[in-house]
Every structure is written in C-alpha cells, then in structure tokens.
Amino acid sequence: MALLQIPIGHVRARWEQPSHLNFGSNDPYVVFVVDRSSWWNEPNRFRHCGIGVVSHVHGDLLYGHWTEYEFHNPSSDPNYFTNCTTVWDPEGVTIIEPSGHKLFVPKNAFIGGR
C-alpha cells in the first residue's frame with residue numbers, strides 16, 4: 001500500500017516573487033507545485049500536489065513552507081497547473097486555479113527560514 005503514495009516529484013509549475021515586493025527575509029521566494037499523484041490512480045492523476053513557497057536564495061526546495069493540496073483538475077490534465085496564476089502581496093501569496101479556487105499562503109508561514 002505504501003507504494004501507491006510514493007510521490008513522483010515532478011515540478012509542474014513555478015512562479016517567482018515579483019521584484020517590486022520584498023518580505024524582508026530570505027527574499028526572493030518561489031512557489032513550486034510538485035506532482036505527488038500516483039501512477040496507480042490514473043483517474044485522479046495530476047491533482048495531488050505539494051506546494052512549496054521556498055527561498056530562491058538558498059536553492060534548496062526544502063527551505064521554506066510546504067503544504068499538501070488537491071487541485072480541482074476534473075480532467076486530470078497535466079498542463080492544468082500552467083493555467084494557474086499567482087498573486088503576490090505584502091500579506092503572502094495566493095494561487096488561483098482556472099476553476100476559481102484559491103489557496104492563500106500567509107507570509108508568516110514561509111518567511112524567516114521556515
């Protein structure tokens with residue numbers, strides 16, 4: 001059963017913090033969407049992902065904040081993530097899906113080496 005949960009680890013999307021915004025801690029940051037779906041669950045592929053807001057300075061995908069998220073990708077389209085957008089503001093970053101669903105990650109979750 002553990003085999004079904006092994007993450008594929010393929011980066012599906014990435015968005016960089018705009019240069020005009022500064023969080024004052026390990027800037028700049030990057031949002032990564034990493035595919036964690038299973039080959040064994042083909043109807044639900046390209047939905048289960050790890051989302052990381054990580055420091056670009058350190059170049060290590062583990063340096064920042066990670067959360068698990070299930071995208072609303074009803075057709076299991078592998079290109080769905082490139083149609084998502086991000087909105088960066090002084091409070092944090094919001095990922096907006098084509099479906100209209102939004103995931104907000106507050107800056108306090110990823111600044112300061114979390």
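Nothing here was measured: the structure is a model prediction, and the numbers come from that model. Numbers here simply count residues along the sequence, with the first being 1.
Taking both residues in full, the closest heavy atoms of Trp88 and Pro18 are given as CG-CD, 3.3 Å, listed atom of the first, atom of the second, then distance. Between Phe81 and Arg12 the shortest heavy-atom distance is CD1-CB, 3.4 Å. Shown here for Asp89 and Phe23, the closest heavy-atom pair between the two residues is O-CE2, 3.4 Å. Minimum heavy-atom separation, His65 to Ala109: CB-O, 3.1 Å.
A 4.5 Å side-chain heavy-atom check between Tyr80 and Glu97 finds at least one atom pair inside the cut-off. Contact of the Val54 side chain with the Phe110 side chain is not registered, since no non-hydrogen atoms from C-beta on lie closer than 4.5 Å. Using a 4.5 Å heavy-atom threshold, the side chains of Glu68 and Arg36 count as touching. Contact of the Asn26 side chain with the Ile111 side chain is not registered, since no non-hydrogen atoms from C-beta on lie closer than 4.5 Å. With contacts defined as side-chain heavy-atom distances shorter than 4.5 Å, the pair Ile95/Lys102 does not qualify. Looking at heavy atoms from C-beta onward, Cys49 lies out of side-chain contact with Val34 at the 4.5 angstrom threshold. Side-chain contact between Phe71 and Cys84 is present, with at least one heavy-atom pair separated by less than 4.5 Å. Looking only at side-chain heavy atoms (C-beta outward), Val53 and Val93 come within less than 4.5 Å of each other.
Partner of Tyr29 under the side chain to side chain contact (heavy atoms under 4.5 Å, CB included) criterion, out of Lys107, Gln17, Glu16: Gln17 alone.
Judged as a salt bridge (charged side-chain N to carboxylate O under 4.0 Å, His left out), and not counting sequence neighbours, Glu91 has no contacts. For Asn83, the side chain to side chain contact (heavy atoms under 4.5 Å, CB included) test picks out Pro98, with sequence neighbours left out.
Cluster membership for Leu21 and Val105, using ILVMFWY side-chain heavy atoms within less than 4.5 angstrom, is shared. Transitive grouping of hydrophobic side chains (ILVMFWY, heavy atoms separated by less than 4.5 Å) keeps Ile96 and Val30 in distinct clusters. Linking Ile, Leu, Val, Met, Phe, Trp and Tyr residues whenever their side-chain heavy atoms come within less than 4.5 Å places Trp66 and Val11 in a single cluster.
With hydrogens and angles ignored, the 3.5 Å screen pairs no side-chain donor or acceptor of Arg47 with any backbone N or O of Asp35. Although no hydrogens or angles enter the test, the distance criterion places a donor-acceptor pair under 3.5 Å between the side chain of Asp27 and the main chain of Ser25.
Atom CZ of Arg14 sits about 11.5 Å away from atom OG1 of Thr86, to the nearest 0.5 Å.
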